[in-house]
Amino acid sequence: MFRELPLLSGGVRAGRAEYEESQLRLRFRCCLPGQQEVCKLWLAGKDGRLLLGTPAPQGEGLYLERSLTRSSLADAGVYPPERVEVEPAQVGPGPERSQNSLPIRPRDPVIAAALAAERPGRWQRVGDRWQVAYPWQPGQPMPLLPLFCFAHVSRGEVSFLLSDQGYPAAAE
């Protein structure tokens, strides 16, 4: 049986979060309808906070499902869980680059900053989306770090599928 948790952004309800406890694990489901900006979800408890992860685009919003052990939650001070907090994803400082050289105009400031700070990638149109690819090998820094969980890794490169507005897009 799932139990509801408050899902808050700046103290305001932003979506739906729930968890189910079974045996030694807790399974979390979080949904942010209408949200498109890259963000992080943090699980908060009486004595701490724990990063749940980055929700992925699904339908008309963002969605995250994750399972964690009760002992890892207790070690982080978030068992029993009290709420889920939404925070914008952060991008570290980097060299400035003109966004005029990009084929898209990202609406999300985190994605725009990450693209502006990254070395030029190889852009190509894939249906109604854009794919940007970078040479990459394991052990090297990941390009577009705020979007790492949306990366497609293949031999010698990593690529990202983006909408015209710069949001991560699902492959068809």
Side-chain angles (χ1 to χ4, degrees), residues 2 5 7-10 12-19 27-43 49-68 84-172:
F2 279 91
L5 286 172
L7 193 150
L8 308 172
S9 178
V12 177
R13 191 168 197 82
R16 181 178 175 88
E18 56 188 14
Y19 73 98
R27 191 172 103 198
F28 295 88
R29 295 191 307 202
C30 303
C31 179
L32 296 145
Q35 172 104 6
Q36 293 295 316
E37 294 81 21
V38 176
C39 62
K40 301 284 184 189
L41 297 181
W42 292 83
L43 184 62
R49 286 177 24 136
L50 178 70
L51 180 63
L52 271 179
T54 304
Q58 183 175 339
E60 296 295 318
L62 300 175
Y63 186 80
L64 173 79
E65 189 166 328
R66 179 138 186 227
S67 175
L68 298 164
V84 175
E85 299 170 349
V86 180
E87 288 187 4
Q90 299 295 316
V91 176
E96 292 291 326
R97 196 177 91 206
S98 168
Q99 288 188 19
N100 296 337
S101 62
L102 299 176
I104 61 173
R105 294 212 171 270
R107 291 186 183 169
D108 183 274
V110 173
I111 296 172
L115 285 166
E118 191 57 61
R119 64 191 184 272
R122 180 176 40 87
W123 289 84
Q124 70 181 25
R125 197 75 164 147
V126 178
D128 63 346
R129 297 168 175 87
W130 286 96
Q131 181 183 46
V132 59
Y134 299 95
W136 182 80
Q137 296 294 326
Q140 294 178 333
M142 174 65 73
L144 299 180
L145 190 57
L147 300 177
F148 79 93
C149 57
F150 302 106
H152 174 75
V153 178
S154 58
R155 184 173 229 150
E157 77 174 14
V158 62
S159 62
F160 303 87
L161 203 55
L162 303 170
S163 70
D164 286 329
Q165 295 82 29
Y167 298 123
E172 292 181 0

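Here the structure is a predicted model, which is why all the values come from computation and not from measurement.
- The pair Arg29-Glu18 meets the salt-bridge criterion, with a side-chain N (NZ, NE, NH1 or NH2) lying under 4.0 Å from an Asp/Glu carboxylate O.
- Considering only heavy atoms from C-beta on, Phe28 comes within 4.5 Å of Leu5 through its side chain.
- Scanning both residues, Lys40 and Thr54, for their nearest heavy atoms gives NZ-OG1, 2.7 Å.
- For the residue pair Val38 and Pro146, the shortest heavy atom distance occurs at CG1-O, 3.8 Å.
- Looking at heavy atoms from C-beta onward, Leu41 lies in side-chain contact with Val86 at the 4.5 angstrom threshold.
- Between Val110 and Glu37 there is no side-chain heavy-atom pair separated by less than 4.5 Å.
- For Arg122, the side-chain hydrogen bond (donor to acceptor under 3.5 Å, both in side chains) test picks out Glu157, with sequence neighbours left out.
- Pro33 approaches Gly15 most closely through the heavy-atom pair CD-CA, 4.0 Å.
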Donor-acceptor contacts, no H, no angles, side chain residues 55-64, under 3.5 Å, sequence neighbours left out:
residue, atom, partner, partner atom, Å
Tyr63, OH, Glu65, OE1, 3.1

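- In this structure, Leu144 and Phe150 have side chains that are not in contact, with every pair of non-hydrogen atoms separated by 4.5 Å or more.
- Closest approach of Leu7 to Arg16, counting heavy atoms only: CD1-O, 3.5 Å.
- Gln131 meets the side-chain hydrogen bond (donor to acceptor under 3.5 Å, both in side chains) test with Gln124, Ser159; sequence neighbours excluded.
- Counting heavy atoms from C-beta outward, Tyr19 and Leu68 have side chains that stay 4.5 Å or more apart.
- In this structure, CZ on Arg66 lies 9.5 Å from CG on Leu43, to the nearest 0.5 angstrom.
- Considering all non-hydrogen atoms of both residues, Leu32 and Cys39 come closest at CD1-SG, 4.1 Å.
- No side-chain donor-acceptor contact under 3.5 Å links Trp130 to the backbone of Gln165.
- Across every non-hydrogen atom of Pro168 and Leu147, the tightest pair is CG-CD2, 3.7 Å.
- In this structure, Phe2 places its CZ atom where more than 12 heavy-atom neighbours from other residues, nucleotides or ligands lie under 6.0 Å away.
- Atom CG of Leu102 sits about 11.0 Å away from atom CD of Glu118, to the nearest 0.5 Å.
- Counting heavy atoms from C-beta on, the side chains of Asp108 and Tyr167 come closer than 4.5 Å.
- With contacts defined as side-chain heavy-atom distances shorter than 4.5 Å, the pair Val132/Pro143 does not qualify.
- Between Val158 and Met142, the closest side-chain pair of non-hydrogen atoms falls below 4.5 Å.
- Other residues, nucleotides and ligands place no more than 12 heavy atoms under 6.0 Å from the CZ atom of Arg107.
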